[in-house]
Amino acid sequence: MTSLTFFQLFRILRRHRNLAERRDPIFEANRAAKWTMGIFMAFTLVYLIFIAIILSLGANDSRRFTTLEFITGILPFILLIDFWLRFISQQTPSQIIKPYILLPLPRYTCIDSFVLTSLFNWRNTVWFILLVPFCIMSVVFTFGLLPSLSLLLFYYIIILANSQGYSIARTLTIRHYLWWLLPIGVSVLLVSPLLIRDIRFMLKLYGIIGSAIAHGSLLPHLGALMILAVVVLINRRLQYNSVMEELGKQKSTAPVKVLQLDFLDRAGNLAEYLKLEVKLLMRNKNPRKSFITGITVIVFISLLISFTEIYDSNYMTNFWCIYNFVIFAAVLLVRAMSYEGNYIDALMVHQENILRLLTAKYYFFCLMLILPFVLMLPMVFVGKWSIFMLISYGIFTAGFQHWLLMQLAIYNNKALPLNEKFIGSAGVEKNYLVVLEEMVAFFLPLIIIQVLEAYFDQYVAWVVMLIIGLGFVATHKLWLRNIYDRMMRRRYKNMESFHS
């Protein structure tokens, strides 16, 4: 049999990935969500064009910087936004290689194929929606077509390098929390001119790149290519080592200490399910990491808003308060039944086990709201916030937000690994329905608040939020029963997906 070339293997693996997405259990649920996400992306593209117009007008009016210097001067902001937004939707190659491990294929070929796929991805061209209009309005008529194309090429190369840098950071941060210092440190380094002096100093420093492009120099492109080559090689080796490490990992045979949690027995019939929820977080690596991440983010945001004044505007006050309350639900409740999919057969033994589990899960996440509530109390003590606002937003989260995110328990029919990380994705990057619900949970309350505050007093807005939240809290048994009934109508389809 004739051996396949690398490019033939690349085409086959790429085709397999496309088929895998279509055959995924969540593909049908993703269809409607994809259309909604597509509409959202259309608005995002319009927004980018609008930003391009504003930047163009600012660059054209600037007497200190040329248009090329101006657009390269804001390079750090573009790279940082691009980098951190990738955490929402982009997987690392080592997370999606599981189906190919046992095939008679060179493993480096698999890694190389997925690295190339991550390079030649439509996400890496999104910024052209901003850059191309800017070039047309500000660069072409000043410097000509060739410098404009040179600028676009430079940005494309550096964004490709940014995508590989993300892949490296994502893989390392999965290993240990201390690796978060790497992307944070690089982010601070990129904007260090702004932190040291001011925005003009940063534009002047990075504007050197634009000045070189204007004079026809290829040094910026060569530098960007060198950075790209280095991060590709590092990423390639790191992804390979990650896969090999996961495959060769030995399961621990040490005896596990069983937590009794007798104090939860006061909860009656729900006690065992509350214990199950606690043990899920304490004894399993992936849920525990998500839980710790949620605590870290809540503590960080609480300290940020308590000891600084940069987020004291009315809009940011509403945003951070709502965001802080919904963190735990956003990192864990969106995966309702996904972790339980690993032992779904045991849960289906007795009637209404799932209903009791959902009820216990709801109560548990309502209790977890106490942490952000307590951490945000200093804002009340210093007179920045109102205690009534804090209570109304907390109850709104316990009611409406939890109702919204718990709907995903019906459609989460893909079992997520409890401990393994690399060769099986533990994220929700391909579940567009989850991404859509998270966006609604974050931004719909802000829209409601802003509309209410635009026409009524703040206290009226808080009362409305409180009433909405209390309505969902008071009827939680009804909508939990509704979720359970809808899950039961899909139980055979979901169990088949969990087993696969």
Side-chain angles (χ1 to χ4, degrees), residues 33 36-48 50-51 81 84-85 87-89 294 297-306 308-334 365-366 368-369 371-373 375-377 379-380 384-408 428 432-473:
T36 309
M37 288 291 292
I39 295 172
F40 175 79
M41 283 298 300
F43 279 107
T44 302
L45 297 182
V46 172
Y47 190 63
L48 285 175
F50 178 70
I51 294 176
I81 295 172
W84 291 104
L85 285 180
F87 279 87
I88 299 175
S89 60
V297 173
I298 289 171
V299 171
F300 176 77
I301 291 175
S302 300
L303 292 174
L304 190 67
I305 59 182
S306 297
T308 65
E309 297 181 355
I310 56 176
Y311 297 119
D312 286 352
S313 66
N314 190 40
Y315 175 81
M316 295 308 296
T317 292
N318 291 327
F319 176 79
W320 288 120
C321 191
I322 287 288
Y323 188 85
N324 226 15
F325 274 123
V326 82
I327 283 294
F328 277 129
V331 297
L332 283 168
L333 196 56
V334 293
F365 280 93
C366 286
M368 294 312 301
L369 294 176
L371 177 62
F373 180 84
L375 289 176
M376 288 189 287
L377 279 176
M379 298 291 290
V380 177
K384 289 185 177 182
W385 290 3
S386 167
I387 185 66
F388 185 55
M389 182 194 77
L390 207 59
I391 293 172
S392 64
Y393 288 3
I395 293 177
F396 180 84
T397 301
F400 177 80
Q401 305 280 68
H402 286 174
W403 164 81
L404 177 66
L405 293 176
M406 287 196 73
Q407 302 298 317
L408 291 168
V428 293
Y432 295 96
L433 188 62
V434 172
V435 177
L436 177 62
E437 290 231 14
E438 284 185 326
M439 291 170 57
V440 172
F442 283 135
F443 296 108
L444 181 60
L446 292 174
I447 296 173
I448 295 174
I449 295 167
Q450 293 300 117
V451 171
L452 289 172
E453 290 185 350
Y455 293 98
F456 305 100
D457 186 72
Q458 275 188 333
Y459 286 95
V460 174
W462 298 339
V463 168
V464 172
M465 298 291 285
L466 180 65
I467 293 173
I468 293 173
L470 285 174
F472 280 95
V473 171

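These figures come from a predicted structure and were not determined experimentally.
Scanning both residues, Leu369 and Ala398, for their nearest heavy atoms gives CD1-CB, 3.6 Å. Shortest non-hydrogen contact noted between Ser302 and Leu375 is OG-CB, 3.4 Å. Here the shortest heavy-atom pairing between Asn324 and Val297 reads OD1-O, 4.4 Å. Here the closest heavy-atom approach between residue Val451 and residue Tyr455 is recorded as O-CD1, 3.1 Å. The shortest non-hydrogen separation linking Val334 to Ala330 is CG2-O, 3.2 Å. The shortest non-hydrogen separation linking Ile322 to Gln401 is CG2-NE2, 4.0 Å.
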Subject >> Candidate pair Phe325 and Met376, rule side-chain contact (heavy atoms from CB on, under 4.5 Å), full reasoning >> reply: CA-CA 10 Å; Phe325 274 123; Met376 288 189 287; 3.6 Å; yes
Original post:
Given Leu405 and Val326, is the side-chain contact (heavy atoms from CB on, under 4.5 Å) satisfied, shown in steps?
Top reply: CA-CA 10 Å; Leu405 293 176; Val326 82; 4.2 Å; yes
**OP:** Could you walk me through whether Phe456 and Val464 pass the side-chain contact (heavy atoms from CB on, under 4.5 Å) test, one step at a time?
**Re:** CA-CA 11 Å; Phe456 305 100; Val464 172; over 6 Å; no
**OP:** Before giving the answer on side-chain contact (heavy atoms from CB on, under 4.5 Å), spell out for Leu371 and Phe328 the whole-Å C-alpha distance, their side-chain angles and the decisive distance to 0.1 Å.
**Re:** CA-CA 10 Å; Leu371 177 62; Phe328 277 129; 3.8 Å; yes
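With Pro372 as reference, Ile298 is the one residue of Leu377, Thr397, Ile301, Ile298 to meet the side chain to side chain contact (heavy atoms under 4.5 Å, CB included) rule.
Taken from CD1 in Ile448 to CG in Leu452, the straight-line distance is 7.5 Å, to the nearest 0.5 Å. To the nearest 0.5 Å, atom NE2 of residue His402 and atom CG of residue Leu333 are 6.0 Å apart.
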Throw together a table of side-chain donor-acceptor distances under 3.5 angstrom for residues 386-394, partners on residues two or more places apart or in other chains.
residue	atom	partner	partner atom	Å
Ser386	OG	Phe388	N	3.2
Ser392	OG	Phe388	O	3.1
Ser392	OG	Met389	O	2.9
Tyr393	OH	Asn318	OD1	2.7
Tyr393	OH	Trp462	NE1	3.4

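No more than 12 heavy-atom neighbours from other residues, nucleotides or ligands sit within 6.0 angstrom of OH on Tyr323.
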